[in-house]
Amino acid sequence: MDSYFNLKNITTEELKNVDLDRVNVNCSPPDFEPQRQYYFMAKCRQIVASKRERLGRPLYACIQTFGCQMNARDSEKLSGILGQIGYVLTDSEEADFVLYNTCTVRDNANQRVYGRLGFLNSMKKKNPGKKIALCGCMMQEPTVVEKLKKSYRFVDLIFGTHNLYKFAELLCGMWEEKGMFIDIWEGTDKIVEDLPVERKYPFKSGVNIMFGCNNFCSYCIVPYVRGRERSRRAADILSEIQRLSNDGVKEVMLLGQNVNSYGKNLENALSFAQLLAEVEKVEGIERIRFMTSHPKDLSDELIAVMKGSQKICRHLHLPLQSGSTRILERMNRRYTKEQYLALAEKIRREIPDISLTTDIIVGFPGETAADVEETIDVIRKVGFDNAFTFIYSKRTGTPAAAMEDQVEEAVVREGFDRVLKAVQDTAKKQVARLMGQTLPVLVEEVGDRTDGQGGLLLCGRLSNNTLVHFPGHPSLVGKIVDVTLEECHGFYYTGRRAGAAAETGRLV
Ligand code: 5AD
Ligand code: SF4
């Protein structure tokens, strides 16, 4: 009989090539990470294999992701584990295992989850072997878990943001347990590296550089559900990016709730600008993006590094939230309207071809029509290329939820429509400034728009993040090609590959 090995004797480096079918799972699990999770992956693999044998068909798993880029990256980690333990990944919620990775930043995301759970329950009645799991930010709220325990008993597994790395161990728990298996941690100072990841795109990837947030903007639930700020060690980030590059990745997006305060809790402190300068040196990486920057922490050093870089994309997402100094103060944003305007002007002066995008909240408690006018004034003065405009959502437990002067819905709607109109007007002008230029586009996918001759258009992004649709062969996906921008349609362009005048999207 082939020898089985004990993961307690395997180094982290060796783990990457480990054959999970030859791991000894009859001994106790290692008490250190990531070896412990590989032990549970091996155990899950046996369970999935026996289910597959019994059913005489593959087992399918589906992850639905709500919310931000952080959640999207977390879902890639969860997919990595599901792939390793023998599930076939699918987009269909008919799957044997369905996991919702939830968001709770605004209430409408929560409502969508509750709505869809009802639909999953009806599917489960037809397939009693089906397992339903929930994770992500929404699960960090005790009131949500109470509601699920009371009215959604058909959910099999619930876990949170801090113990996501334990997914394989939690799955084993779920299979051993009768009824709901729940494990939520209040916080953690741990960052577990070197677990499998299944990327959505072969040519681009998110890379976490930090977790959590210490800013406590008064409307925001993120610091409560994602915990305190923790930065990853620069060496770990850089070796991950090197590995991604070796694997064909051309574009990385450095992810954190507030990337500008990267490194503050590290022993060998490195600023975000210094980290970017190191990422720039990784061979094979052609584009570097990052999300999200807090205006209060954006340094001159960062502007200088961006200006001198060949790889950092000409795009900065700089959430404004409100243009009214009075509201900004109540939001605990720690900058004024004038400071934001001065910062935007400095960035544009130093890097003229940059595109600026933003987030705006309308209807924060106490906001008047005059405050909304201030926001519109900033939109016009800065000239954003795009803005995500949100209606204020009351989040239980945040300071803003306890403010007495909540704004009436009809007033919020009216302000929201005015802000949206201002964003659309300025963005149209801003985006159109590149008309006629020939610029490199990273082709991301075959889109769903047609070229008028029966072919599908490819869809990609400029360095400044603007979308471009153009005719071309699907084999160009993942490549950077030069495209002449021929027509601007508000937030995106249509164009033609330079030197390919008669190209269409048809395969033949
Ligand atoms: N209501 C509305 N929008 C919010 N955001 C964060 N919290 C809330 C809330 N309670 C928005 C902010 C943030 C983006 C990710 O979500 O604009 O930048
Ligand atoms: Fe929320 Fe403010 Fe932190 Fe962003 S910076 S996650 S808005 S608390």
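If you're wondering where the values come from, they're calculated on a predicted model, not measured in any experiment. Indexing begins at 1, ligand by ligand and atom by atom, following the structure's order.
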Using the rule given for side chain to side chain contact (heavy atoms under 4.5 Å, CB included), can you reason through Ser463 versus Leu439, listing the C-alpha separation, both sets of side-chain angles and the distance that settles it, and then say yes or no? CA-CA 9 Å; Ser463 165; Leu439 292 168; over 6 Å; no
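- Contact annotation: for Thr398 versus ligand 1, there are no heavy atoms closer than 4.0 Å.
- Nearest-residue assignment for atom 6 (S) of ligand 2 (options Thr398, Asn214, Val222; heavy-atom criterion): Val222.
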Salt bridge (charged side-chain N to carboxylate O under 4.0 Å, His left out) between Arg330 and Asp405: does it pass, once the steps are laid out? CA-CA 12 Å; Arg330 286 169 64 101; Asp405 37 6; 2.9 Å; yes
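- Annotation: atom 1 (Fe) of ligand 2 to nearest protein heavy atom, Cys220 SG, 2.3 Å.
- Taking backbone and side chain together, Cys213 holds no N, O or S atom under 2.8 Å from atom 2 (Fe) of ligand 2.
- Listed by number with element, the atoms of ligand 1 under 4.0 angstrom from any heavy atom of Val105 are 6 (C), 7 (N), 8 (C), 9 (C), 10 (N).
- When non-hydrogen atoms are compared, ligand 1 lies under 4.0 Å from the side chain of Gln321 (C-beta onward) but not from its backbone.
- Atom CD of Glu329 sits in a sparse spot, with 12 or fewer heavy atoms from other residues, nucleotides or ligands closer than 6.0 Å.
- At the shortest separation from atom 8 (S) of ligand 2 among protein heavy atoms lies Cys217 N, 3.4 Å.
- Interface of Pro223 with ligand 2, defined as ligand atoms under 4.0 Å from a residue heavy atom, comprises 8 (S).
- Selection from Thr389, Ile360, Asp359 by nearest heavy atom to atom 15 (C) of ligand 1 gives Asp359.
- At a 4.0 Å heavy-atom cut-off, ligand 1 touches Ile361 through the side chain alone.
- Atom 10 (N) of ligand 1 has its closest protein heavy atom at Ser393 O, 2.8 Å.
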Take Arg243 and Glu193, measure what salt bridge (charged side-chain N to carboxylate O under 4.0 Å, His left out) needs, and give me the verdict at the end. CA-CA 13 Å; Arg243 255 182 285 128; Glu193 304 275 349; over 6 Å; no
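- Ser218 and Asn332 are not linked by any side-chain donor-acceptor pair at a separation below 3.5 angstrom, with hydrogens and angles left out of the test.
- Residue contacts with ligand 2 do not include Arg226, since none of its heavy atoms lies under 4.0 Å from the ligand.
- Ion pairing between Glu251 and Arg461 fails under the 4.0 Å rule for side-chain N and carboxylate O.
- Residue Asn215 approaches ligand 2 through these ligand atoms, each under 4.0 Å from one of its heavy atoms: 5 (S).
- Ranking the protein heavy atoms by distance from atom 11 (C) of ligand 1 puts Arg106 NH1, 3.3 Å first.
- Residue-level proximity to ligand 2 for Pro319 is absent, since no heavy atom of it falls below 4.0 angstrom.
- Geometrically, Arg106 engages Phe390 in a cation-pi contact defined by less than 6.0 Å to the ring centre and at most 45° from the axis.
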Salt bridge (charged side-chain N to carboxylate O under 4.0 Å, His left out) for Glu414 and Arg418? Distances and angles first, verdict last. CA-CA 6 Å; Glu414 196 269 333; Arg418 279 194 296 136; 3.3 Å; yes
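- The nearest protein atom to atom 7 (S) of ligand 2, hydrogens excluded, is given as Tyr219 OH, 3.4 Å; this is a heavy-atom distance.
- Using a cut-off of 4.0 Å between Lys/Arg side-chain N and Asp/Glu carboxylate O, Lys166 and Asp183 are scored as not salt-bridged.
- Nearest protein neighbour of atom 4 (Fe) of ligand 2, counting heavy atoms only, is Gln257 O, 4.4 Å.
- Of the heavy atoms in Arg333, only side-chain atoms (C-beta onward) come closer than 4.0 Å to ligand 2.
- Ion pairing of Asp417 with Lys421 is absent here, as no side-chain N (NZ or NE/NH1/NH2) approaches a carboxylate O to less than 4.0 Å.
- No heavy atom of Ile221 sits closer than 4.0 Å to any atom of ligand 1.
- Of the charged side-chain nitrogens involved, at least one lies within less than 4.0 Å of a carboxylate oxygen, so that Glu93 and Arg116 count as a salt-bridged pair.
- Taking CG of Asp385 as the start and CD of Gln430 as the end, the distance is 5.0 Å to the nearest 0.5 Å.
- For Tyr219, heavy-atom contacts with ligand 1 shorter than 4.0 Å involve the backbone as well as the side chain.
- Every atom of ligand 1 with a heavy atom of Tyr392 under 4.0 Å away is listed here by number and element: 1 (N), 2 (C).
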